[in-house]
Amino acid sequence: MTEKNESVFDENEKTEDINQESQNDQTTSVEDADEMNNESQDNLQEENSEDTEADIDPKDEEIQQLKNNVQEEEEKYLRLYAEFENYKRRIQKENQTMKAYKAQDVLNDILPTIDNIERALQIEGEDEQFKSLQKGVEMVYESLLNALKNNGLEKIEAEGQQFDPNIHQAVVQDDNPDYESGQVTQELQTGYKLKERVLRPSMVKVNQ
């Protein structure tokens, strides 16, 4: 009885060994298959890469390079064109400004003459000859002012206006109850501007 049991036990062990070997062989077969599959994929990728490189035509490379060159030249042209347009607008603006204020130097030279004529008109006299002369000077004065006005000269309003340091020059402080504080009570010398540019501020008395 004991001998039979030992025999059965030995047979079971042999069977387990065979099964274990079979499993090991299967595992090895799977690993070998995976390795072969990976090697096959690597070889396929290498072949595809080689085929891709072989498929690139030198003419295509040259065409692409030419396209890149054209794009670079186009960008340079657009930048240069934008710079030229900015330059042209700046020159046009400067020309417009010069045209608008081209009479400035001449007007500055004429202002002292206008001042002298205004002083002459303030002189009083009863003689008929004097009055006739004064009337003539006044007509010349008005004609000159009209001509200068047509060229952009404007008088700066002063008396009764609120003092503005941009167009008025305060030289005397006044204490006049008929005016509010900061108002110009008297214009001592006429101020002028050319369009929006002040040629000479008005010299004024300002109420405290």
Side-chain angles (χ1 to χ4, degrees), residues 69-208:
N69 292 340
V70 169
Q71 185 176 0
E72 291 178 2
E73 294 300 324
E74 184 177 2
E75 290 176 355
K76 290 179 181 179
Y77 167 76
L78 291 176
R79 286 195 297 269
L80 182 62
Y81 181 78
E83 291 176 359
F84 175 74
E85 286 297 316
N86 291 334
Y87 170 78
K88 186 168 68 173
R89 284 193 292 267
R90 185 171 64 253
I91 293 299
Q92 288 176 348
K93 185 176 180 181
E94 290 177 357
N95 288 337
Q96 289 174 355
T97 301
M98 290 178 62
K99 184 177 180 180
Y101 297 102
K102 65 180 180 180
Q104 179 173 347
D105 292 338
V106 175
L107 293 177
N108 281 327
D109 292 337
I110 292 177
L111 292 183
T113 302
I114 296 176
D115 294 337
N116 291 331
I117 295 176
E118 289 176 346
R119 293 189 187 96
L121 291 176
Q122 292 175 357
I123 299 174
E124 297 180 357
E126 297 298 331
D127 185 79
E128 289 297 327
Q129 187 176 359
F130 174 82
K131 289 183 178 181
S132 178
L133 179 62
Q134 189 180 44
K135 184 65 175 179
V137 173
E138 186 175 348
M139 292 175 62
V140 172
Y141 174 71
E142 294 295 335
S143 178
L144 178 60
L145 284 184
N146 287 332
L148 297 176
K149 185 177 180 180
N150 291 334
N151 284 275
L153 185 69
E154 297 179 27
K155 281 187 175 183
I156 295 176
E157 297 294 330
E159 189 169 341
Q161 301 294 317
Q162 194 68 22
F163 176 75
D164 183 352
N166 296 313
I167 57 176
H168 301 142
Q169 180 181 356
V171 293
V172 179
Q173 191 175 42
D174 202 357
D175 186 10
N176 192 327
D178 295 332
Y179 292 87
E180 296 180 0
S181 176
Q183 271 190 317
V184 176
T185 60
Q186 184 180 355
E187 182 182 63
L188 303 177
Q189 185 183 60
T190 305
Y192 296 93
K193 62 181 181 178
L194 177 59
K195 301 183 186 302
E196 299 301 322
R197 182 178 296 179
V198 175
L199 297 178
R200 185 180 72 185
S202 301
M203 295 177 62
V204 297
K205 285 184 179 181
V206 182
N207 206 36
Q208 62 182 3

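The shown structure was predicted, so the numbers you read here are calculated from the model rather than taken from an experiment. Along the sequence shown, residues are numbered consecutively beginning with 1.
Taking a 6.0 Å sphere around CD of Glu94, one finds it holds more than 12 heavy atoms contributed by other residues, nucleotides or ligands. The local environment of CD in Gln129 is sparse, with at most 12 non-hydrogen atoms from other residues, nucleotides or ligands closer than 6.0 Å. Within a 6.0 Å sphere centred on CD of Glu196, other residues, nucleotides and ligands contribute 12 heavy atoms or fewer. Annotation: Lys131, atom NZ; neighbour count of heavy atoms from other residues, nucleotides and ligands within 6.0 Å is above 12.
Tyr192 is not listed as a side-chain neighbour of Leu107, based on a closest heavy-atom distance of 4.5 Å or more. Between Ile110 and Leu153 the shortest side-chain heavy-atom distance does not fall below 4.5 Å. You'll find the side chain of Asn151 stays beyond 4.5 Å of the side chain of Val106, heavy atoms only. For the pair Leu145/Lys155, a side-chain contact is recorded, criterion being any heavy-atom separation below 4.5 Å from C-beta on. Within the 4.5 Å cutoff, the side chain of Lys193 has no heavy atoms near those of the Ile167 side chain.
Applying the side-chain hydrogen bond (donor to acceptor under 3.5 Å, both in side chains) definition to pairs two or more places apart or across chains, those involving residues 166-177 are Asp164-Asn166, Asp174-Thr185, Asp175-Gln208.
Considering all non-hydrogen atoms of both residues, Gly125 and Phe130 come closest at N-CE2, 3.2 Å. Closest approach of Tyr179 and Asn207 over heavy atoms only: O-ND2, 2.8 Å.
Gln134 places a side-chain N or O within donor-acceptor distance of the main-chain N or O of Leu121, the cut-off being under 3.5 Å.
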